[in-house]
Amino acid sequence: MSTLHSERILILDFGSQYTQLIARRVRESRVYCELHPYDMTMAEISAFKPSGIILSGGPKSVYDSGAPPVEEALFELGVPILGICYGMQLLSQHFGGKVVPAGKREYGHAVLEAIGEPGDLFDGFFTEGTSSVWMSHGDHVEVVPVGFEVVARTTNAPVCAIQNPQRNLYGVQFHPEVNHTPQGELMLSTFVRKICRCSGQWTPGKIVDDAVARIREQVGTEQVILGLSGGVDSSVAAALIHRAIGDQLHCVFVDNGLLRLDEGDQVMATFAGNLGVKVTRVNAQRRFYDGLKGEVDPEKKRKIIGNLFVDIFEEQAGEVEDAQWLAQGTIYPDVIESAGAKTGKAHNIKSHHNVGGLPDYMKLKLLEPLRELFKDEVRAIGEELGLPKQMVWRHPFPGPGLGVRVLGEVKEEYCDILRRADAIYIDELYETGHYHKISQAFAVFLPVKSVGVMGDGRTYEYVIALRAVETKDFMTAGWYPMPYADLARISNRIINEVKGVNRVVYDISSKPPATIEWE
Ligand code: XMP
């Protein structure tokens, strides 16, 4: 095992909605970590060789029957442990403490007060003895576990942080992983860097070196195919695999006619041109437009687009002699989400397919070099690999592309109008500096005609809707408060420059109840 992976934190998930955030915070401290379900066995935990363990929060009470238990032998491993919320309660219970329902459920901001000298974990955490924290719990520790001291309290939770520094065991009732706890990131970083003694080697340069070595080891002299979409994940996967095995990588880029303005040419310029990657471009626009003809149902449109992609990809893959591997840009949140789907935790509202469903008979081995990385890490190594900044930091773009942004039936004419309107919109967002404050922005084509007036005549033309949202996780989102002056300029430009459009509207709906896309 490489030295990179010899420093690793294990996070055990007891079902809190914030568990993924713990993992992100740990990675932001440049320390590798993995998130596993709470029922990981002791043998698996020992084999993982953690430098430290974090027990997450969870929705249950430790005294309930059916509450997720912890492997008690964990506490005898001798590695540092931090219990958060439910995790702290498990720790307390194990060491003879008592957990009871709180008199008052606590949710939201609270003022944490230090008791005495808080010690190493809390280095820099308190200012003049207090710190603002985020609480979300219905239970608290009433009787302090044996061997522990109380480090901090709030008005409603007299035992809000505990520690046994001799054994490196810590528990906090609040959530250090959320942004609402301003010093939380510092605390988690102190835990992994100082208490667990991880030196912070998980840097973009080292991630690339490590991934390159692993790809070479896995693939050997065999051939790999990859479906390039122009999106961040498949682009970074391609650049990384190319760095590792050069011409053994064969990319297929399917232009489905549902891409953004000039996107196909940009992808080819970056990969085939600058990086020297072998890319076959398939101009399949007509096949997609024909396949989508007459279809108005969004889910059916997604299926048609997905199936056509698979057909075309398969045809192209057949051209690559001896291909043994299929590479995909699967990233860590996809892995966690599908693990969650198995335990019934995650629910899919739309069929978010990426390039997943290749037929079994293709019998290719899967190469997923980004499987352990969060989006921020993928972007950081994309820059490290020399991909253009604009490609790396681009907003997410759905697999079915403009197919779900032209509402109802997809026609080439509609896609062309939408492409041009969208390009003006995004161009203005870059110019005004809004682009990087927004999580996702795009234009939508509405297939309705409304009346307008231009010069002396009446017009009867299409409507473009503009969407811009702010979100952390894309599960909930708020609409972006775009200044009126900027909206006015964007609207003027679109109406003046895009033939066929005489009306522009701005979407002011949040998710939920609306979704980010219109279909
Ligand atoms: P919604 O519209 O469900 O979108 O609020 C949440 C995020 O998912 C993206 N999205 C998709 N991505 N295939 C994809 O690869 C799809 O079919 C799809 N539908 C929505 C959307 O762009 C947003 O980022």
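Side-chain atoms are counted along with the backbone in the values below, which use heavy atoms only and exclude waters and symmetry mates. A quick note: this is a predicted structure, and the numbers were derived from the prediction, not measured. Whatever order the structure lists them in is the order used to number ligands and atoms, beginning at 1.
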Worksheet item: Does any non-hydrogen side-chain atom of E461 lie less than 4.5 Å from one of K449?
Response: no
Discussion item. Please list, in number order, the atoms of ligand 1 under 4.0 Å from a heavy atom of G399.
Written reply: 13 (N), 14 (C), 15 (O)
Worksheet item: So R27 and E377, side chain to side chain contact (heavy atoms under 4.5 Å, CB included) or not? Walk me through it.
Response: CA-CA 9 Å; R27 298 272 188 99; E377 296 170 311; 2.6 Å; yes
Practice prompt. Please indicate whether any nitrogen or oxygen in P400 is less than 3.5 Å from any nitrogen or oxygen in ligand 1.
Written response: no
Worksheet item: Any N or O of P398 that comes nearer than 3.5 Å to an N or O of ligand 1?
Response: no
Discussion item. Around atom NZ of K60, are there more than 12 heavy atoms from other residues, nucleotides or ligands closer than 6.0 Å?
Written reply: no
Discussion item. Please check whether R405 reaches ligand 1 - meaning an N/O of the residue sits under 3.5 Å from an N/O of the ligand, judged on distance alone.
Written reply: no
Item to complete: Measure from the ring center of W393 to the ring center of H436 and say whether it is less than 6.0 Å.
Response: no
Worksheet entry | K499 atom NZ, over 12 foreign heavy atoms within 6.0 Å | no
Worksheet entry | Any donor-acceptor N/O pair, H175 side chain to W134 backbone, under 3.5 Å | no
Worksheet item: N/O of Q440 under 3.5 Å from N/O of ligand 1, yes or no?
Response: yes
Discussion item. Can you name the atoms of ligand 1, numbered from 1 with element, that are less than 4.0 Å from a heavy atom of K511?
Written reply: 1 (P), 3 (O), 5 (O), 6 (C)
Fill in: Contacting atoms of ligand 1, where contact means under 4.0 angstrom from a heavy atom of T515
1 (P), 2 (O), 5 (O)
